[in-house]
Amino acid sequence: MSEDLNFVMKARREKLAALEAAGIAPFAYGFDVTHDAGSALRALAEGAEEGPVVRVAGRLVAWRPHGKTVFGHLADQWSRIQLYFRRDDLGDQVFTLVDLLDLGDVIGVSGPLFRTRTGETTIRVESVTLLAKSLRPLPFGKEERQDDRLVRHSGFADPEQRYRQRYADLAVHPEVRRRFVARSRMISAIRRQLDGLGYLEVETPVLQPQYGGAAARPFLTHHNTLDMPLYLRIADELYLKRLVVGGLERVYEVGHDFRNEGIDRTHNPEFTMLEFYEAWADYGVMMSRVEQLLVAASDAVRDVLAPERIPAAERSVLPDESHPAMPVLRPPFPRVEWVPSLHAAAGVEVMALDTPGLRGVAERVGVHGVADLSRPKLLDEVFQALVECRIEDPTFVIDYPKELSPLAKPKRGNPELTERFELFARGKEVANAFSELNDPIDQRARLEAQARLKAAGDEEAVGVDEDYLRAMEYGMPPMGGVGIGIDRLFMYLTDAANIRDVILFPTMRPE
RNA sequence: GACCCGGUAGCUCAGCUGGUAGAGCAACGGACUUUUAAUCCGUAGGUCGCGGGUUCGAGACCCGCCCGGGUCACCA
């Protein structure tokens, strides 16, 4: 073991041994705190030179010994405060502990606040408790303050290591901690919003004997005792709708879906999906639900990340470049109809074209491999190329062609279309919703068509879920349903470029 | 899956047309009782992603592989 340790780690092991020899426990059970770093900073009154005694715990993130004194900085979740250790105040015995401290150690301190010559609020440490010895050096960079701006030098920059060792990324980067707090607050706000509308949060199976509700390749696993295959869900949809059949009229679920497909900057094999279903509502009602929800989500994110809302003590530890550009949402969002917007963008009646003509249009707008694509797929690709990817501000695209939307009810007054909308922003899909199909005869026909595709080798097609059809045959209330990809929504609200930046532990190959 | 870029000390990086591996920070020893990228003196620290090949000699050149980042494709 010890030959695996580099020299830095060896030095820390030696300090650990020295601490134990001195009777100092290197790993504590707890510490009574009176303040966090931010409230301690505020406890020294403006202009005052001396303040109350505070007890603060955190991690040593800076360490500047000067002979018989040491200056350091102690960081907690939100902020940091300077520590001043003075041999004459602490005594030789306590100072031996101070001499054995390292960058990264978790400690608790107690002492009065004072203001240094340069004006920085500081704890004059009177007692130190080691809470956890850091035996492995954290990749701290150095920080410099330039005209009130925080500039990092030689920081922890390798994206691979930051994703693999998120704990280290979080430990040395307060702005990363803050980003994930914002994500959590966003999800809480969404729950509050739905709870306030009388929705019930439910949990449906992740392990499913039959997957459905979307088109994707699933993960397959096996249950030993039942000796049967089980799939990780690709969507929550079919179970949530069963609950509406059962009389739970407003239900939602926030959870992980799993899709066995590629990994790139907008795809992770497991991702967080919100789905909610509301009996008696159609897609028009669901549009206003989505607007309300997005405003609540955006406000929650802004509360954590908008620089003007961050207390000064917390803002001072964030590099300027870590403040994301956040969109301002102003509902009602514009609505554009699928067919007219496509025709306007294409300058031709695309829907009237035969399939070869459609291929020509698709080729012209840069769609690849048009020869292999079905008509619905071609339509979708052309729409994506001409309309979707140009939508900047949140916009509902409504009334999709029937051939594109096998799960949506036909549009009242125009059976060629469906009552479906998708919300787009920055060229990306944020929400997808329907007036849900509740006709079991129609549903069976569509599922059987899917099953034929699956039998023909389409790995994304789903089979006939007889249990789901049985539920629908009992009578399924009309309902609106919405799916929102939480990771993508948070990416949009925080201007993130890579889904890995919004997932704490993204899927990686093993080291 | 295709293409481009990258992998060198704990961290951030340099290393020229091939000639025995470098810096800053971190670490260790010393000086320093209000510093803040502390400063000053000294020391130590490396399987140059892995495996082959070319060569008198490879971190560098060639082939294969692994890992990551980016772009594109796929993901109705």
Side-chain angles (χ1 to χ4, degrees), chain A residues 5-12 14-15 49 61-73 80-90 95 102-104 114-120 122 124 134-146 150-165 168 172 214-217 234 259-269 271 366-369 372-384 400-401 403-407 420 422 429 432 450 453 458-462 485 497-498 500 506 508-511:
Chain A
L5 302 179
N6 67 41
F7 62 101
V8 178
M9 292 179 67
K10 278 183 185 150
R12 298 220 171 170
E14 284 159 15
K15 288 183 182 177
E49 292 301 309
V61 297
W63 196 240
R64 297 182 294 278
H66 292 262
K68 308 266 186 307
T69 65
V70 183
F71 284 92
H73 274 96
R80 71 168 64 161
I81 188 166
Q82 183 166 251
L83 307 179
Y84 178 52
F85 301 85
R86 193 165 178 269
R87 190 171 201 124
D88 287 354
D89 295 341
L90 287 164
F95 214 75
D102 286 300
L103 215 53
F114 76 108
R115 200 176 299 282
T116 64
R117 185 188 292 163
T118 58
E120 181 165 352
T122 302
R124 188 190 311 277
S134 170
L135 296 177
R136 183 182 290 271
L138 274 166
F140 287 110
K142 290 226 164 186
E143 291 177 351
E144 182 187 11
R145 196 152 289 288
Q146 290 177 353
L150 192 68
V151 178
R152 290 242 175 84
H153 300 274
S154 305
F156 185 35
D158 180 355
E160 176 180 354
Q161 292 310 319
R162 292 179 64 178
Y163 297 141
R164 287 190 191 281
Q165 298 186 42
V172 305
R217 296 176 61 185
I234 59 172
R259 296 187 183 175
N260 205 341
E261 286 161 356
I263 297 177
D264 63 27
R265 71 184 194 288
T266 58
H267 295 83
N268 197 64
F271 58 98
V367 177
H368 297 256
D372 301 330
L373 297 178
S374 62
R375 185 178 173 88
K377 182 71 185 155
L378 283 166
L379 287 170
D380 190 57
E381 288 288 337
V382 171
F383 187 79
Q384 200 168 322
Y400 282 61
E403 49 199 320
L404 273 180
S405 310
L407 297 171
R420 173 185 182 183
E422 293 197 80
E429 176 190 335
N432 183 21
Q450 284 279 306
L453 286 175
D458 184 341
E459 291 184 88
E460 286 180 356
V462 297
N498 195 317
R500 288 179 160 177
M508 305 279 283
R509 279 201 167 85
E511 285 179 86

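Convention: sequence-line order gives letters A, B, ...; per-chain numbering from 1.
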S.K.: Mind checking A:Phe85 for me? I need base, sugar-phosphate or nothing, with any heavy atom below 4.0 Å counting as a touch.
M.R.: nothing
S.K.: Which listed nucleotide (B:C11, B:A38, B:G68) is nearest to the side chain of A:Arg509?
M.R.: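 Between B:C11, B:A38, B:G68, the one nearest the side chain of A:Arg509 would be B:G68.
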S.K.: Say we look at B:G10 and B:G69: how far apart would their C1' atoms be, to the nearest angstrom?
M.R.: 22 Å
S.K.: Test of understanding: with side-chain contact (heavy atoms from CB on, under 4.5 Å), list the residues that count as partners of A:Asn432, not counting sequence neighbours.
M.R.: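 By the side-chain contact (heavy atoms from CB on, under 4.5 Å) rule, A:Asn432 matches A:Arg420, A:Glu422, A:Glu429, A:Phe434.
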S.K.: Is there a donor-acceptor contact under 3.5 Å from the side chain of A:Arg259 to the main chain of A:Ile234?
M.R.: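 Between the backbone of A:Ile234 and the side chain of A:Arg259 there is a qualifying donor-acceptor contact (under 3.5 Å).
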S.K.: Work out how far the P atom of B:A58 is from that of B:C66, and round it to whole angstrom.
M.R.: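 Going atom to atom, P in each nucleotide, I get 25 Å.
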S.K.: Could you pull out the closest heavy-atom pair between A:Arg152 and A:Val172, with the gap in Å?
M.R.: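 Between these two residues, the closest heavy atoms are NH2-O, 4.2 Å.
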S.K.: Only pairs with both distances under 3.5 Å count, Watson-Crick or wobble alike; so what is the partner of B:G22 in this structure?
M.R.: B:C13
S.K.: Which comes earlier along RNA chain B counting from the 5' end, the contact point of A:Pro159 or that of A:Thr122, where each point is its nearest nucleotide?
M.R.: A:Thr122
S.K.: Distances under 3.5 Å only, N/O to N/O: pair up the protein atoms with those of nucleotides 24-28 of chain B.
M.R.:
{"residue": "B:C25", "atom": "O3'", "partner": "A:Lys142", "partner atom": "NZ", "Å": "3.1"}
{"residue": "B:A26", "atom": "OP1", "partner": "A:Lys142", "partner atom": "NZ", "Å": "2.5"}
{"residue": "B:C28", "atom": "OP1", "partner": "A:Lys15", "partner atom": "NZ", "Å": "2.5"}

S.K.: Given the structure, check if the side chain of A:Glu120 and the base of B:U35 hold any donor-acceptor pair shorter than 3.5 Å.
M.R.: no
S.K.: In whole Å, I'd like the distance from the CZ atom of A:Arg136 to the C1' atom of B:A9.
M.R.: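 Roughly 16 Å, once rounded to whole Å.
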S.K.: With a 4.0 Å cut-off on heavy atoms, is A:Ala157 in touch with a base, just the backbone sugar-phosphate, or nothing at all?
M.R.: sugar-phosphate
S.K.: Looking only at side-chain atoms of A:Leu407, point me to the closest of B:C11, B:U33, B:A76.
M.R.: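 Of all the options, the side chain of A:Leu407 is nearest to B:A76.
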S.K.: Which base sits across from B:U71 as a Watson-Crick or G-U pair, both distances under 3.5 Å?
M.R.: B:A2
S.K.: Heavy-atom distance under 4.5 Å between the side chains of A:Ser134 and A:Leu103, does that happen here?
M.R.: no
S.K.: Report yes if the side chains of A:His73 and A:Arg64 come closer than 4.5 Å at any heavy-atom pair, otherwise no.
M.R.: yes
S.K.: Can you name the side-chain contact (heavy atoms from CB on, under 4.5 Å) partners of A:Asp89, sequence neighbours left out?
M.R.: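 If we apply the side-chain contact (heavy atoms from CB on, under 4.5 Å) test to A:Asp89, skipping adjacent residues, the hits are A:Arg86, A:Arg124.
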S.K.: So does A:Asn498 get a side-chain nitrogen or oxygen closer than 4.0 Å to the phosphate oxygens (OP1/OP2) of B:G70?
M.R.: yes
S.K.: When rounded to the nearest Å, what value does the distance between C1' atoms of B:U17 and B:G57 take?
M.R.: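 Taking atom C1' in both B:U17 and B:G57, they lie 16 Å apart.
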S.K.: Identify the two heavy atoms, one from A:Val8 and one from A:Pro137, that lie closest to each other, and give their separation to 0.1 Å.
M.R.: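 Scanning both residues, the minimum pair turns out to be CG1-CG, 3.7 Å.
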S.K.: How close do A:Phe95 and A:Gly67 get, heavy atom to heavy atom, and via which atoms?
M.R.: CE2-O, 4.2 Å
S.K.: With hydrogens left out and only the distance checked, is there a donor-acceptor pair under 3.5 Å joining A:Arg86's side chain and the base of B:U33?
M.R.: yes
S.K.: Say you pick atom C1' in B:C50 and the same atom in B:C74; how far apart are they, in whole Å?
M.R.: 30 Å
S.K.: Would you please name every residue forming a salt bridge (charged side-chain N to carboxylate O under 4.0 Å, His left out) with A:Arg80, sequence neighbours left out?
M.R.: A:Glu143
S.K.: Could you check which of B:U71, B:U34, B:C11 has an atom nearest any side-chain atom of A:Arg265?
M.R.: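 Minimum distance to the A:Arg265 side chain belongs to B:U71.
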S.K.: Enumerate the protein-to-nucleotides 2-7 of chain B contacts in which both atoms are nitrogen or oxygen and the separation is below 3.5 Å.
M.R.:
none

S.K.: Quantified in whole Å, what is the C1' atom distance between nucleotide B:G49 and nucleotide B:C5?
M.R.: 16 Å
S.K.: Please give the nucleotide sitting opposite B:A37 as a Watson-Crick or G-U wobble pair, both distances under 3.5 Å, or none.
M.R.: none
S.K.: Say you pick atom C1' in B:C61 and the same atom in B:U12; how far apart are they, in whole Å?
M.R.: 28 Å
S.K.: Can a donor-acceptor pair under 3.5 Å be found between the side-chain atoms of A:Thr69 and the base atoms of B:U34?
M.R.: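 Counting by modelled atom types and ignoring angles, no donor-acceptor contact under 3.5 Å is found here.
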S.K.: Closer to the 5' end of RNA chain B via nearest nucleotide, is it A:Arg64 or A:Glu381?
M.R.: A:Arg64
S.K.: Could you tell me which nucleotide pairs with B:A76 by Watson-Crick or G-U wobble geometry, both distances under 3.5 Å, or answer none if nothing does?
M.R.: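 WC or wobble partner does not exist here.
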S.K.: Provide the distance between the two P atoms, one in B:G7 and one in B:C16, to the nearest whole Å.
M.R.: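 Going atom to atom, P in each nucleotide, I get 12 Å.
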S.K.: If only side-chain N and O atoms of A:Arg117 are considered, is one of them under 4.0 Å from the OP1 or OP2 phosphate oxygen of B:U35?
M.R.: yes
S.K.: Give A:Asp88 one of three labels, base, sugar-phosphate or nothing, depending on what nucleic acid heavy atoms sit under 4.0 Å from its own.
M.R.: base
S.K.: So, for A:Gln146 and A:Val151, which heavy atoms are closest and what is the spacing to 0.1 Å?
M.R.: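 Shortest heavy-atom contact: OE1-CG2, 3.4 Å.
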S.K.: Of the nucleotides B:G69, B:U35, B:A73, which has the atom closest to the A:Arg500 side chain?
M.R.: B:G69
S.K.: Between B:A9 and B:A21, how far apart are the C1' atoms? Round to whole Å, please.
M.R.: 10 Å
S.K.: Atom CZ of A:Phe95 to atom P of B:C32: distance rounded to whole Å?
M.R.: 12 Å
S.K.: When the distance from CD of A:Gln161 to C1' of B:C67 is rounded to whole Å, what number comes out?
M.R.: 10 Å
S.K.: Name the closest nucleotide to the A:Asp158 side chain, picking from B:U33, B:U12, B:U35.
M.R.: B:U12
S.K.: Which nucleotide in the set B:C67, B:G69, B:U34 lies at the smallest distance from any side-chain heavy atom of A:Arg164?
M.R.: B:C67
S.K.: So A:Phe114 and A:Tyr84, would you call those rings parallel, tilted or perpendicular, with 30° and 60° as cut-offs?
M.R.: tilted
S.K.: For B:G51, give the paired nucleotide (Watson-Crick: N1-N3 plus N6-O4 or O6-N4; G-U: N1-O2 and O6-N3; both under 3.5 Å), or none.
M.R.: B:C63
S.K.: Pick base, sugar-phosphate or nothing for A:Gly72, based on heavy-atom distances below 4.0 Å to the nucleic acid.
M.R.: nothing
S.K.: Residues in ring pair (Phe, Tyr, Trp, His ring centres under 6.0 Å) with A:Phe140, at least two apart?
M.R.: none
